[in-house]
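What follows is a set of notes on a single structure, which appears directly below.
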Amino acid sequence: MALVASRLALVAVVLAIWQWVPQIPGITRWAPIFDPFFISSPARIAAKFWELATTTGDQGAVLKSGNLFVQLWATLWATLLGFVVGVTSGFLAGLVLSQTRTLADILNPYLVAVNALPRVALVPLIIMIFGTGLGAKVVLAWLIVFFIVFFNTYAGGRALEPSLVDSCRILGASRRQLLRTVVVPHVAGWTFAILPLAMSASIIGVVVGEFVGGAQGLGYIITVALGQLEATDLFVALLTLCVVAVVLIGLATRLEKRLLHWRPEHVGGAGQA
Amino acid sequence: MRRHSTLVHAGRLLVLVVLLAAWETLPRVPVLRARTFLDPNFVSLPSLVAARLWQTTFGSKAGYLWVHAGASLGAALVGFVCGAAAGFVMGLALAQSTVARGLLKPFIDAFSAVPPILLVPLITLVFGLGTTSKIATSVYIVFFVVFYNSYKGASALPESMTSSCRLLGGSRWDIMKTVIVPSSAAWAFAAFPTAIGYALIGVVVAEFFGSPTGLGSIIITSMNTGSATDLMVSILALAVMGSGLVGLARLAEQRLLHWRPEYRAA
């Protein structure tokens, strides 16, 4: 109880500093970081949220009422599409490649090279090629999600115990039965385990895409607000984005727990954004 | 290391040749050029990229790439050192002090739930377009990676180990210095390869926001001017730098942690 109280007190202190320290006369001269021009203030941000929620007119410089929801939807939709496409294709590629040894050996050095490449650096390239629409954002999310899912699925396929496969074979399992009842469930476990990371990757792909060359979406709004130095709008869009990210990653984690309640941990592949 | 058959080696070579040949020739086909993204203006050509790479590293424009790569590398490294130090100290402190843990851990957890890259615009707003923003981004990213590992390392220490030391007459400081710090450091080192890779990504994204120097800034400039060759060259440079850094961190980790059972076998 005392702990909860002190946590709340800490939040209150931080908010109070954020709100009132910038109002101390002359403070911005030696600590420009406290200028509300840069960091806005909790009261302004709350007021902006309230304004967006209640009014219908065009009051904001960057964010107008109704606009926030449209932008949120654009980001959300691209993220979910990229996630689904990336997870599906990553799973299939990982499954196939882990089961065909020679092909995997041939492609291995290239996979290692691609895995070492910071995928976020490819965002401008994709935007140059595919433009700034929904398609480009889905491609971006896919590009990042695919490799994360692929590498974990592939690691899972390679980690399949030979004795398990041999036992099934001795018991008379056909190749198809083996695939359906042993290989796919095992490999799928590894894919499910990486779902939260894949969701986070999908968000990163979409939002960085919007940062760099967006025409819509929360990431785009954030860059516009940054360009026009509208700190309040930036905070409003950023807070919304953070909530979206936390909720989506939380959902993916729940999905993983639900699908994998029968298994212990299995994350082994490499993955980075 | 498994020995590969000739088939595998031939296959690897074939893949490389086919990929490069396709990249070099397909964008020259007029139909593809007009209808698809296979256009030298979008994907450049391997020959152009190689020529440009030579030109910007050792050729007539030598220095261009080095300066920008150096700017990114420097920011990533400075950020890495500061972030790792902060993460390590914080991890140790929170593992030791119940009060600090109860008070701060929920907030660290909350911040770590948001992918750090999303906060880059805020960092840019506060710290400006220069090197400070890049370093701040890198510090922020590295902090979380190292914090969680150090915290885990310091908390995962078997109770029997510390109580044995106390029994043998070790003071609180002795135990801290000889048991907790080395054990936690091992966990922190294990996070370094990941952390340095993330730090570089963070720096590059920070440079996307109008920084005057760094590989991220050339990438964005190339995108805006439609110069696919420059874009490819900077992506390539970044890939080399990234894998070099991660490789070095892995090597250092193995060197420093050779006494850990995981590394004894190898």
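Throughout, protein chains are lettered first and strands after them, A, B, ... in sequence-line order, and every chain is numbered starting at 1.
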Practice task
Specify the closest pair of heavy atoms between A/Met128 and B/Ser227, including all atoms of both residues, with the distance to one decimal.
Solution key: CE-C, 4.4 Å
Exercise for the section: Evaluate whether atom OH of A/Tyr110 has more than 12 neighbouring non-hydrogen atoms of other residues, nucleotides or ligands under 6.0 angstrom away. Expected result: yes
Practice task
Counting only heavy atoms closer than 4.5 Å, note whether A/Leu103 contacts chain B via side chain, backbone, both or neither.
Solution key: neither
Exercise for the section: State whether the side chain of B/Arg12 and the backbone N or O of A/Asn108 hold a donor-acceptor pair below 3.5 Å, judged by distance alone. Expected result: no
Practice task
Might you confirm whether atom CH2 of B/Trp23 has over 12 heavy atoms from other residues, nucleotides or ligands at distances under 6.0 Å?
Solution key: yes
Exercise for the section: Return the minimal non-hydrogen interatomic distance between B/Leu118 and A/Leu238, and the atom names on each side. Expected result: O-CD1, 3.3 Å
Fill in the blank from the handout: Checking B/Leu236, B/Val240, B/Ile235, B/Leu238 against A/Leu117 for side-chain contact (heavy atoms from CB on, under 4.5 Å), the one that qualifies is B/Ile235
Problem - Spacing of OG1 belonging to B/Thr124 relative to CD1 belonging to A/Ile222, to within rounding of 0.5 Å - result: 11.0 Å
Handout entry: Atom pair CG (B/Leu104) and CG (A/Leu10), whose distance is rounded to the nearest 0.5 Å
Key = 6.5 Å
Handout entry: A/Val14 side chain reached by B/Phe107 side chain, heavy atoms, under 4.5 Å
Key = no
Exercise for the section: Could you tell me which portion of A/Val212 (side chain, backbone, both or neither) has an atom closer than 4.5 angstrom to a non-hydrogen atom of chain B? Expected result: both
Completion exercise
Most contact-rich option vs chain A, by heavy-atom pairs under 4.5 angstrom, among B/Leu13, B/Leu14, B/Leu16, is B/Leu16
Problem - Reported CG-to-CZ distance for the pair B/Leu125 and A/Phe235, which is rounded to 0.5 angstrom - result: 7.0 Å
Practice task
Please tell me if the side chains of B/Leu7 and A/Thr102 come closer than 4.5 Å, counting only heavy atoms from C-beta onward.
Solution key: yes
Fill in the blank from the handout: The reported gap from CG in B/Leu119 to CG in A/Leu241 (rounded to nearest 0.5 angstrom) is 8.5 Å
Problem - Largest heavy-atom contact set with chain A, pairs under 4.5 Å, which of B/Gly242, B/Pro121, B/Ala239, B/Ser243 - result: B/Pro121
Problem - Heavy-atom pair count under 4.5 Å with chain A, highest-scoring of B/Leu122, B/Val43, B/Val126, B/Leu19 - result: B/Leu122
Handout entry: Heavy-atom proximity to chain B below 4.5 Å, by part of A/Leu218
Key = neither
Problem - Part of B/Val8 lying under 4.5 Å from any heavy atom of chain A - result: both
Exercise for the section: Indicate the atoms forming the closest heavy-atom contact of B/Ile219 with A/Pro124, along with that distance. Expected result: CG2-CG, 3.2 Å
Problem - Interface moiety of B/Met241 toward chain A, non-hydrogen atoms closer than 4.5 Å - result: neither
Handout entry: Chi angles and distances behind the side chain to side chain contact (heavy atoms under 4.5 Å, CB included) call for B/Val15, A/Ile106
Key = CA-CA 8 Å; B/Val15 169; A/Ile106 290 174; 3.7 Å; yes
Handout entry: Under 4.5 Å from a heavy atom of chain A, the part of B/Ala110 involved
Key = neither
Problem - B/Val114 versus A/Cys242, closest heavy-atom pair with distance - result: CG1-SG, 3.6 Å
Exercise for the section: Against chain B, label A/Ala113 side chain, backbone, both or neither, depending on which of its atoms sit under 4.5 Å from a heavy atom there. Expected result: neither
Completion exercise
In this structure, OG of A/Ser200 is separated from CD1 of B/Ile117 (nearest 0.5 Å) by 9.5 Å
Exercise for the section: Look up atom CD1 in A/Ile126 and atom CE in B/Met223, then write down how far apart they are to the nearest 0.5 Å. Expected result: 12.0 Å
Handout entry: Contacting region of B/Ser222 [heavy-atom separation from chain A under 4.5 Å]
Key = backbone
